[in-house]
Protein chains: 2
Amino acid sequence: MASRTDTKTRILDAAEKLFAERGFSETSLRLITSKAEVNLASVNYHFGSKKELIRAVLARYLDVFMPSAAIEIKRIHHAPENASLNEIFSALIKPLLELNKVRNGGTIIFLQLLGRGYIESQGHLRWFITTHYGEHLATFVQAVSASAPHIPAAEMFWRLHFTLGTIVFTMASADALNEIAAADYGEHNNIEAIIRKVIPYMAAGVAVPVLTN
Amino acid sequence: MASRTDTKTRILDAAEKLFAERGFSETSLRLITSKAEVNLASVNYHFGSKKELIRAVLARYLDVFMPSAAIEIKRIHHAPENASLNEIFSALIKPLLELNKVRNGGTIIFLQLLGRGYIESQGHLRWFITTHYGEHLATFVQAVSASAPHIPAAEMFWRLHFTLGTIVFTMASADALNEIAAADYGEHNNIEAIIRKVIPYMAAGVAVPVLTN
DNA sequence: AATTAATTTAAACACCTGTTTAAATTAATC
DNA sequence: GATTAATTTAAACAGGTGTTTAAATTAATT
């Protein structure tokens with residue numbers, strides 16, 4: 001039933017890398033199948049369509065990340081003393097970095113896929129994630145809200161999407177930014193270093209008092 | 001030399017709207033020319049290629065926004081007392097909203113174009129902007145740095161790109177987010193309201209002390 | 001080993017893409 | 001008003017896209 005490395009897996013591995021680098025619609029099935037060294041038609045045979053391949057690529061990461069993240073959030077949320085925003089966001093580092101063990105470069109690939117998906121899919125991915133991982137998301141939002149009780153729910157909605165934009169855009173251009181940072185400042189950051197840079201930024205933004213005038 | 005509304009302008013007007021909504025590569029010349037009610041070949045006649053059309057669309061906004069923004073920044077920067085980060089970011093509001101007078105929905109179109117450009121063009125837009133509007137950018141960075149002197153230059157580089165990601169991602173999904181906010185919280189924000197929400201978030205993030213351990 | 005099922009393959013399909021061409025039309029110049 | 005230049009037009013071009021087909025091959029089952 002399975003030859004050499006599973007054809008399905010070969011396709012997914014090649015596809016996720018190309019999708020993350022170049023975006024979904026910029027990546028043709030012919031490019032994917034040639035990199036994966038499989039026949040063009042095998043994508044439609046195994047996945048049905050390109051759209052379903054995209055969904056499969058995302059699901060493979062979300063199914064690992066989401067439960068793992070929810071566990072970490074709950075661990076912190078249910079601790080005796082209230083966790084800080086920094087701690088809550090930092091709780092996501094471990095689940096994110098674990099994706100590197102699942103596959104080489106898994107962390108940044110996942111974050112880039114997420115960004116591409118949110119921007120390219122006209123809200124389709126947002127719907128997919130909220131319907132499939134709604135409880136996990138709710139856990140996260142609840143933990144953040146408890147740590148910043150002075151922020152009204154509506155304002156928190158916007159700010160959490162600001163954070164999504166921050167991280168997702170940063171990751172989508174992480175390679176380019178890293179090159180510039182290396183050239184201009186002699187900095188060489190890996191993905192973890194960038195995540196650790198962005199967390200204080202996001203935490204400060206989410207918690208900043210709401211202006212009332 | 002010019003018939004009805006200038007063909008060139010009709011193309012630019014139709015193109016910018018579609019580019020902002022759907023992205024550059026998702027928008028075909030046939031879609032643009034049919035919306036603009038001009039012949040397909042006129043794009044290549046007037047602009048040479050699709051790539052140059054994209055550049056023209058962006059330039060039309062950048063040429064208005066950049067000088068106007070630089071003036072506002074300088075006005076604040078050279079004021080007797082040092083401006084706060086909030087004030088510096090807020091100085092961009094007027095130039096941004098002025099784009100609404102240039103064209104209907106100009107502000108959000110510009111910000112969405114910027115986001116699409118940064119993400120789709122693999123660093124090409126970044127190069128274009130820094131080479132064409134380098135002095136204006138430097139003015140801005142200098143003003144921000146003076147307002148947050150405790151942030152090293154390399155760290156500031158990252159944080160300013162975080163802010164770019166925040167604003168650009170937010171604007172790219174502004175319509176979708178607004179719908180959700182309206183449904184879930186009864187909020188109805190226009191583009192200015194969203195900008196005023198995001199500024200305190202960004203200012204707090206940029207200025208947050210750098211963790212040293 | 002024979003039969004059935006699953007998979008792989010090469011080719012074609014129908015459609016869409018940006019660009020080019022050469023003729024038709026409109027505008028500007030003399 | 002005739003001549004030249006600028007623009008618009010319809011058509012074709014060359015190449016790329018996702019998907020489908022039917023035959024060939026490989027694997028699993030009886």
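It should be emphasised that the depicted structure is a prediction, and the values quoted were computed from it without experimental measurement.
Rounded to an integer number of Å, the gap from NZ of A:K8 to C1' of C:dA6 is 13 Å. Whole-Å rounding puts the B:N44 CG to D:dC13 C1' distance at 13 Å. Atom CG of B:D6 and atom C1' of C:dA27 are 14 Å apart (whole Å). When rounded to the nearest whole Å, the span between CG of A:N39 and P of C:dT8 equals 9 Å. Separating the CG atom of A:L40 from the C1' atom of D:dG16 is a distance of 12 Å, rounded to the nearest angstrom. When the P atom of C:dC16 is taken as reference, atom CD1 of B:I32 falls 17 Å away, rounded to whole Å. Across the protein-nucleic acid pair, B:R10 atom CZ and D:dT7 atom P stand 16 Å apart, rounded to whole Å.
Within a heavy-atom distance below 4.0 Å of DNA chain D, the residues of residues 21-30 of chain A found are A:T27, A:S28, A:L29, A:R30. For the contact set between residues 45-60 of chain B and DNA chain D, defined by any heavy atom under 4.0 Å, the members are B:Y45, B:H46.
Minimum heavy-atom separation, B:N44 to B:L29: ND2-CD1, 4.2 Å. Here the shortest heavy-atom pairing between B:Y133 and B:A59 reads OH-O, 4.3 Å.
Contact check on B:D13 versus B:K8 returns no salt bridge, with no Lys/Arg side-chain nitrogen under 4.0 Å from an Asp/Glu carboxylate oxygen. The pair A:K17-A:E21 does not meet the salt-bridge criterion, since no charged nitrogen lies less than 4.0 angstrom from a carboxylate oxygen. Ion pairing of A:E155 with A:R159 is present here, as a side-chain N (NZ or NE/NH1/NH2) and a carboxylate O approach within less than 4.0 Å.
A cation-pi geometry, defined here as NZ or CZ lying under 6.0 Å from the six-membered ring centre and within 45° of its normal, does not hold between B:R55 and B:F47.
Along DNA chain C, the nucleotide nearest to B:A41 and the one nearest to A:S42 differ in position, and the one closer to the 5' end is contacted by A:S42.
Legend: residues meeting side chain to side chain contact (heavy atoms under 4.5 Å, CB included) with B:A193, ordered by chain and number and at least two apart, are B:N189, B:N190. Taking the salt bridge (Lys or Arg N to Asp or Glu O under 4.0 Å) definition, one finds that B:E72 meets it with B:R75, B:K94, sequence neighbours left out. Annotation: ring pair (Phe, Tyr, Trp, His ring centres under 6.0 Å) contacts of A:Y185 (sequence neighbours excluded): B:F157.
Look at B:T7 and you won't find any side-chain N or O under 4.0 angstrom from OP1 or OP2 of D:dT7.
Around atom NZ of B:K35, no more than 12 heavy atoms belonging to other residues, nucleotides or ligands sit under 6.0 Å away. For CD of B:E52, the number of neighbouring non-hydrogen atoms (other residues, nucleotides, ligands) closer than 6.0 Å is greater than 12.
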Determine which bases of DNA chain D form Watson-Crick or G-U wobble pairs with both distances under 3.5 Å, and write the result as a 5' to 3' dot-bracket string with | for other-strand partners. ||||||||||||||||||||||||||||||
